[in-house]
Amino acid sequence: MKELSYIDLKYKPTKKDLIAKYRLEPDGVSFEEACEQLAAESSIGTWTDICTMSPKIAKKLKPHVFSINKRKNLAEIAYPEALFEAGNMPQILSSIAGNIFGMKIVKNLRFVDVSFSEKLGKSFQGPAFGVPGIRKLLKVKKRPLVGTIIKPKVGLNEKEHAKVAYDAWVGGLDIVKDDENLTDMSFNRFEKRVVETLKLRDKAEKETGEKKIYMPNVTAETDEMLRRAKFVKKCGGEYVMVDILTLGFSALQTLRKANLGLVLHAHRAMHAALTRSEHHGISMLVIAKITRLIGADQLHIGTAYVGKMSGSAKEVIDIESAINEKSFGIKPVFAVASGGLHPGHVPKLTKRMGTDIIMQFGGGVHGHPDGTRAGARAVRQAAEAVTKEVSLKQYAKTHEELACAIEKWGC
Ligand code: CAP
Ligand code: MG
C-alpha cells in the first residue's frame with residue numbers, strides 16, 4: 001500500500017482522540033516531513049511503505065497531524081483512542097513518548113502537553129484523597145500545609161530520625177517526610193524507622209492536639225514497595241511517599257490499584273533529566289497530568305523559581321492549575337513546593353502559587369540557628385503571618401524564631 005499521509009489540517013479532534021502537542025526541530029527534512037514521520041512512528045507506520053498495511057487499518061488507527069505552527073515549532077497530533085490500551089500508561093507512553101525522541105529527522109523533540117480521550121481518562125483511578133481528602137484528614141481548612149524533610153538526607157539511625165521528626169512536629173509542622181534517597185539502609189532500617197517515627201508522631205499529636213503526618217519513603221522494587229506500604233498501613237501510618245520517576249509509572253499504577261487507603265505523595269526525583277531542556281524531553285506538565293490520572297494525591301511541582309530548583313513561575317503555575325482543573329471527575333492533586341525554601345520565601349511563594357499548597361523545608365528548618373524545633377516554629381509562624389496578611393517583618397517583631405530565620409536567610 002502506498003505510503004500514508006498523516007497531515008490533515010482540516011481534521012477536528014473528537015472526544016475519542018488523545019491529543020499530544022510537540023515542539024520539534026526538524027533535521028535535514030521539512031517541518032511537514034518531520035511531522036509525517038513522527039505521526040507514523042508513534043502509531044502504525046515506519047520509515048517506508050509496507051505491504052502489510054491496509055486501508056482498513058489506516059482508517060481505524062491512523063492519527064492526524066491537525067495543527068502545525070512552524071513559527072513556534074509546534075505540532076499537535078490527534079491519536080484515535082483505539083491505538084491505546086485503556087488503563088495501561090506504559091503502553092500509551094511507549095507510543096506517543098517512545099521511539100520518536102530518537103529519530104534522526106528531529107534535532108530536538110519535546111512532548112509539551114497531552115489531553116486524554118474520555119475513555120482513556122476514565123480508565124485510570126485518579127487520586128483517592130486529593131486536596132479535599134487531605135485537608136479533611138489533617139483538619140486544616142485554609143492555610144498552606146507545612147512540612148519538613150529529615151536531613152541529613154541519609155545518615156541518621158532510626159531513633160535519631162524519629163526524634164528529628166518529633167521536634168519538627170512539636171515545633172508546629174504538619175508533615176514530616178523521608179528524603180528521596182532514604183529507603184532501607186544498613187544504618188536506618190525501614191521497618192524500625194517507621195515504628196519509631198510513628199510512636200513519636202502519636203506523642204506529638206497528644207502534646208499539640210494537632211494531626212501530624214509521617215510520609216515514609218517506600219520506593220523499591222514493586223513487590224517490596226507494596227509490602228512496605230502495607231507495613232506502614234498496619235503500623236497506623238496514613239501516608240507513603242514514592243519517587244515516581246525512578247519507581248516507574250506502572251509501579252505507581254500498582255500502588256494506586258492496591259487501594260490501601262494511604263495518601264500517596266509523589267516525589268519527582270530524576271524528572272529534570274526529562275523536563276529541564278526547553279528543546280528536548282517531556283514537560284513536567286505532561287508528567288503531572290499522567291501522575292494525577294494514575295492517582296497520586298500530592299505531587300512536587302516546583303517553587304515558581306523562589307527556591308533552589310529550576311522551573312519558571314509561569315511553568316509551575318500552569319502545572320498547578322492543570323492538576324487542579326476539572327478532569328474526568330477525578331480529584332485535584334495537592335501541589336507540593338519544595339527545594340531551597342526558608343521561612344522568608346513564604347510570602348512570595350504563596351503570592352505566586354496561592355495557599356492551597358504544601359510547602360516543604362529541609363535546610364530551611366534544620367538549618368535554623370536554634371535547631372529543628374525553632375526552625376519548625378519559624379516556618380509555621382511565616383505561614384500564619386501570610387494567612388493573617390501580616391508582613392513577615394511585622395510578625396517577626398513578636399515571634400522570635402521567625403525573626404532569627406529572617407536574620408539568617410532574609411525575606
Ligand atoms: C529539598 C529536597 C527535595 C527537593 C525536591 C532535597 O530539601 O528534600 O527533595 O528540593 O525538589 O532533597 O533537595 P531542601 P523538587 O529544602 O533542603 O532544599 O520539589 O523540585 O522535585
Ligand atoms: Mg529531598
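The first residue of the sequence shown is numbered 1, and numbering continues consecutively from there.
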Any side-chain donor-acceptor pair under 3.5 Å between [X] and [Y]?
X	Y	answer
Y79	S42	yes
Q37	E41	no
E207	Y166	yes
E25	H279	yes
N88	Q91	no
E278	N108	no

Salt bridge [X]-[Y], side-chain N to carboxylate O under 4.0 Å:
X	Y	answer
D178	R193	yes
R268	E180	no
K212	E205	no
K234	E191	no
K163	E160	no
R201	E238	yes
K211	D174	no
D356	R135	yes

Compare all side-chain heavy atoms of [X] with those of [Y] and state whether any distance is below 4.5 angstrom.
X	Y	answer
I175	Y214	no
T303	L349	yes
T275	S283	no
T355	T387	no
C35	L24	yes
F66	I19	yes
Y395	V386	no
K15	S117	no

Would you say [atom1] of [X] has more than 12 non-hydrogen atoms from neighbouring residues, nucleotides or ligands within 6.0 angstrom?
X	atom1	answer
R227	CZ	yes
E389	CD	no
K393	NZ	no
K192	NZ	yes
Y305	OH	no
K408	NZ	yes

Flag the pair H64 / Y6 as yes when their ring centroid distance falls below 6.0 Å, and as no otherwise.
no
Would a distance-only check, ignoring hydrogens and angles, find a side-chain to backbone donor-acceptor pair under 3.5 Å from [X] to [Y]?
X	Y	value
E158	T197	no
K62	S5	yes
R110	S277	yes
N324	P332	no
R352	P347	no
S67	A75	no
N69	K72	yes
Q298	F334	no
D297	L264	yes

At what distance, to the nearest 0.5 angstrom, does [atom1] of [X] lie from [atom2] of [Y]?
X	Y	atom1	atom2	value
T254	D223	OG1	CG	8.5 Å
K136	K139	NZ	NZ	9.5 Å
L138	L145	CG	CG	5.5 Å
D243	L245	CG	CG	9.0 Å
I244	L247	CD1	CG	9.0 Å
H271	L299	NE2	CG	9.5 Å

Which class fits the ring pair H267 and H265: parallel under 30°, tilted 30 to 60°, perpendicular over 60°?
tilted
Please walk me through it: do D179 and K151 pass salt bridge (Lys or Arg N to Asp or Glu O under 4.0 Å)?
CA-CA 8 Å; D179 224 331; K151 301 284 177 180; 2.6 Å; yes
If I compare all heavy atoms of L83 with all of S43, which pair ends up nearest, and what's the gap?
CD1-CB, 3.7 Å
Scanning both residues in full, the closest heavy-atom pair of E320 with A335 reads CG-CB, 4.0 Å
Please lay out, stage by stage, how K177 and T148 fare under the test side chain to side chain contact (heavy atoms under 4.5 Å, CB included).
CA-CA 6 Å; K177 68 180 275 297; T148 189; over 6 Å; no
Would you be so kind as to tabulate the donor-acceptor pairs closer than 3.5 Å made by side chains of residues 371-378, with sequence neighbours excluded?
unit_1 : atom_1 : unit_2 : atom_2 : d
T372   : OG1    : H366   : ND1    : 3.0
R373   : NE     : D167   : OD1    : 3.3
R373   : NH2    : D167   : OD1    : 2.8

Check the pair E210 / R380 against salt bridge (Lys or Arg N to Asp or Glu O under 4.0 Å), numbers first and verdict last.
CA-CA 13 Å; E210 293 183 338; R380 180 72 178 261; 2.7 Å; yes
For F84 and I96, run side chain to side chain contact (heavy atoms under 4.5 Å, CB included): C-alpha distance rounded to whole Å, both residues' side-chain angles, the deciding distance at 0.1 Å, then the answer.
CA-CA 10 Å; F84 307 108; I96 58 175; 3.8 Å; yes
Contacts of H342 that satisfy side chain to side chain contact (heavy atoms under 4.5 Å, CB included) - sequence neighbours left out
H345, W409
Go through it in stages, so that I can follow the logic: the residues are V336 and I301, the test is side chain to side chain contact (heavy atoms under 4.5 Å, CB included), and I'd like the CA-CA distance, side-chain angles, deciding distance and then a yes or no.
CA-CA 6 Å; V336 177; I301 63 166; over 6 Å; no
Any salt bridge (Lys or Arg N to Asp or Glu O under 4.0 Å) involving residues 74-84? Give me the pairs, sequence neighbours left out, ordered by first then second residue.
K16-E81
Would R228 and F190 count as a cation-pi pair here, with the cationic atom under 6.0 angstrom from the ring centre and within 45° of the axis?
yes
Go through the steps to decide whether V306 and M353 satisfy the test side chain to side chain contact (heavy atoms under 4.5 Å, CB included), and finish with yes or no.
CA-CA 10 Å; V306 170; M353 296 180 70; over 6 Å; no
